[in-house]
Amino acid sequence: MYRQVLHNLSVACLADTTGYGLLENGAVVVTGEDIAWVGAFADLPPEYRDAEPVDLGGRLLTPGLIDCHTHLVYAGNRAREFEQRLEGLSYAEIARAGGGIMSTVRATREASVDELARLARPRLEALRAEGVTSIEIKSGYGLERDAEIRMLQAAGALCAEAGVRCQRTFLGAHALPPEFADCADDYIEHVCDDMMPAAVEAGVVDAVDAFCEGIAFSVPQVRRVFERARSLGLPVKCHAEQLSWLGGAAMSAGLGALSVDHLEYLRADEAPLLARAGAVAVLLPGAFYVLRESQLPPVEALRAHGVPMALATDANPGSSPIFSPLAIMNMGCTLFRMTPLEALAGFTIQAARALGLADRIGSIMPGKAAEFALWDCEHPSELSYRIGFNPCAGVFQGGQWRWRGEAA
Ligand code: DI6
Ligand code: FE
C-alpha cells in the first residue's frame with residue numbers, strides 16, 4: 001500500500017483535551033487513508049524510511065476540522081428578516097408570524113435534490129476552505145416526508161461528490177408545519193410513525209435531532225421522537241435551552257443523547273448530570289451573536305464538571321448565516337470565554353465525540369483516519385485569534401491533498 005511520510009511540520013495531535021499535543025519537527029506516516037505513525041521526525045522507525053517523503057514547509061498540521069452542527073442544505077434567503085430584526089422584531093416574533101424557519105420551508109419544499117445540492121455547494125466549499133473535512137447536516141426545512149428525504153439525499157450527494165465525511169441528521173421535529181397548525185401532537189405522531197421510518201428506509205439517516213423550545217416542541221413531544229429513534233437504533237441529539245429553559249437537555253441526556261446543543265439557558269446545576277450521562281455540550285456562539293442573545297451558556301460549570309464542549313457553526317439561513325469555523329472559534333473565545341485550546345478541541349476531538357465518531361476522527365493518532373488541515377501558522381492559538389484571515393493551506397482526506405485555491 002502507498003505510504004507517505006509528512007515531515008517538516010509541527011503537529012497538533014489533540015490526542016486528549018489537556019493540551020494541543022504539539023510536536024515540533026514532527027512527522028506523520030500515512031498508509032493509504034489511515035494514520036500509521038506519529039512522532040518526532042528524528043524518531044521515525046526504520047520500517048517507514050522508504051515511505052514517500054512529503055515536505056510540508058514548516059507549517060502546522062491539525063486534525064481536519066469537524067463542523068458537528070449545521071443546517072447547510074436549504075433554499076431561499078432570509079436577508080429581509082435580518083432587516084426586520086434590526087427594526088425591532090424578535091426571532092420568536094418573526095417565527096410566530098410565519099416567517100423564520102417556515103419561510104425557508106416554503107422555498108425548500110419547491111427545490112429538487114439537485115437544486116438543493118447546487119445551492120449548498122458554495123457553502124460547503126467555504127467551510128472546506130477553512131479546514132473542514134467532516135460535517136453534520138440536518139434536514140428540518142422540509143417538514144413533510146419527501147422534502148425531508150430530499151434534503152438528506154442532497155446532503156449525502158453533495159458531500160460524496162466533494163469527498164467530505166458527512167453525518168446526516170433527521171430533524172423532522174424542527175418546527176410545526178402549517179398543515180398541522182394547533183395539532184403539534186398529531187405532527188409528532190406523523191414524524192414518529194411515517195416520516196422518520198420512511199427516511200430510515202430511504203437510507204439517508206445517521207442520527208435524529210429535535211428542537212425543544214417554546215416556539216417548537218415540548219419535552220414530552222421530543223421524548224417521543226427520541227424514543228422512536230432509539231427503537232430504530234439511531235443516536236439522538238437535541239436543540240435545547242436555546243431561547244428559554246424547558247429541560248430538554250436533561251431529558252435528552254437521560255436518553256443517552258450524543259450531544260445537547262445551544263444551551264444558553266441551561267442551568268449551571270445541570271452540568272453534573274450532562275457529565276454523568278456523557279453528553280457533549282455543543283456550543284453555537286454564531287446564533288448567540290446573530291440573535292444578540294445576552295444569556296451566556298454556563299461554560300464555567302460545564303468546564304468544572306468535565307462536560308466535553310464542542311463548537312460548531314450552526315450554519316443556517318436564519319439564526320447563524322455563518323460559514324466560517326475560524327470566526328466561530330474566535331467567538332467561542334471572545335463571547336463565551338473558551339480558551340483557544342478548547343476552541344480547537346471543540347472543532348476536532350470534542351466534535352468527533354458529538355458525532356459518535358471519536359474512534360475514527362478528531363485527533364492525529366495511529367489507527368485513525370488520515371484527515372488533516374494544514375495551516376500557515378506558527379502556533380495553534382492563532383486559529384482562534386483572527387477574524388477574516390484564512391491561513392488554511394489545504395486539507396488532506398481520502399489519501400490526497402486539496403490545496404486551497406486549486407480547482408477541485
Ligand atoms: N435553532 C437554530 O438556531 C436553528 N434551528 C434551530 O432549531 C435556526 C434555523 C433557522 O432559523 O432557520
Ligand atoms: Fe441548529
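Because the structure is predicted, anything quoted here is derived from the model rather than measured. First listed ligand is number 1; within each ligand, the first listed atom is number 1. Throughout, numbering of the chain's residues begins at 1 and tracks the sequence. Computed from heavy atoms alone, side chains included, the values below leave out hydrogens, waters and symmetry copies.
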Inset, instruction - Could you see which bit of Y74 sits under 4.0 Å from ligand 1, with heavy atoms only: side chain, backbone, both or neither? - result: neither
Inset, instruction - Determine whether any heavy atom of E213 lies closer than 4.0 Å to an atom of ligand 1. - result: no
Legend entry - Among A240, A210, S319, closest by any non-hydrogen atom to atom 4 (C) of ligand 1: S319
Inset, instruction - State, yes or no, whether a side-chain contact exists between Y187 and M195 at a heavy-atom distance under 4.5 Å. - result: yes
Legend entry - Within-2.8 Å protein N/O/S contacts of the Fe ion (ligand 2): H69 NE2, H71 NE2, H239 NE2, D314 OD1
Legend entry - Ring geometry between Y48 and W37 (parallel below 30°, tilted from 30 to 60°, perpendicular above 60°): tilted
Inset, instruction - Considering only non-hydrogen protein atoms, determine which one is nearest to atom 8 (C) of ligand 1 and report residue, atom name and distance to 0.1 Å. - result: Y91 OH, 3.1 Å
Legend entry - Side chains of R353 and Q350, donor plus acceptor under 3.5 Å: yes
Legend entry - Min N/O separation Q242 to ligand 1 under 3.5 Å: yes
Legend entry - Element-labelled atoms of ligand 1 that are located less than 4.0 Å from some non-hydrogen atom of H262: 1 (N), 2 (C), 3 (O)
Inset, instruction - Indicate whether any N or O donor in one side chain lies under 3.5 Å from an N or O acceptor in the other, for E115 and S112. - result: no
Legend entry - Interfacing atoms of ligand 1 (cut-off 4.0 Å, heavy-atom, R78): 10 (C), 11 (O), 12 (O)
Inset, instruction - Report the C-alpha distance between R78 and T104 in whole Å, list the side-chain angles of each, state the deciding distance to 0.1 Å, and finish with yes or no for side-chain hydrogen bond (donor to acceptor under 3.5 Å, both in side chains). - result: CA-CA 8 Å; R78 307 241 298 271; T104 302; 2.6 Å; yes
Inset, instruction - Find out whether the Lys NZ or Arg CZ of R267 is both under 6.0 angstrom from the six-membered ring centre of W245 and within 45° of the ring's axis. - result: yes
Inset, instruction - Using the six-membered ring of F217, assess whether NZ or CZ of R223 lies under 6.0 Å from its centre and within 45 degrees of the ring axis. - result: no
Legend entry - Result of checking H262, H239, H71 against F211 for ring-ring contact (aromatic ring centres under 6.0 Å, His included): H239
Inset, instruction - Enumerate the atoms of ligand 1 whose separation from the nearest heavy atom of D314 is less than 4.0 angstrom. - result: 2 (C), 3 (O)
Legend entry - Which of the ligand 1 atoms, numbered from 1, are nearer than 4.0 Å to a heavy atom of H71: 4 (C), 5 (N)
Inset, instruction - Look at ligand 1 and say whether T104 reaches it with a heavy atom at a distance under 4.0 Å. - result: no
Inset, instruction - Examine Y20 together with H379 and report whether their ring centres are nearer than 6.0 Å. - result: yes
Inset, instruction - Pick one of side chain, backbone, both or neither for how L284 approaches ligand 1, counting any non-hydrogen atom pair under 4.0 Å. - result: neither
Legend entry - Distance-only side-chain donor-acceptor flag, E213 / Y265, under 3.5 Å: no
Legend entry - Those atoms of ligand 1 less than 4.0 Å from some heavy atom in N316: 4 (C), 8 (C), 9 (C), 10 (C), 11 (O), 12 (O)
Inset, instruction - Check whether any side-chain heavy atom of L291 sits under 4.5 Å from a side-chain heavy atom of R85, and report yes or no. - result: yes
Legend entry - Sub-4.5 Å side-chain heavy-atom contact between P317 and F82: no
Inset, instruction - Say whether D67 and T313, considering side chains only, have a donor N or O and an acceptor N or O under 3.5 Å apart. - result: yes
Inset, instruction - Do me a favour and list the nearest non-hydrogen protein atom to atom 9 (C) of ligand 1 with residue, atom name and distance? - result: Y141 OH, 3.2 Å
Inset, instruction - Provide, to 0.1 Å, the distance between atom 5 (N) of ligand 1 and the closest protein heavy atom, together with that atom's residue and name. - result: H174 NE2, 2.8 Å
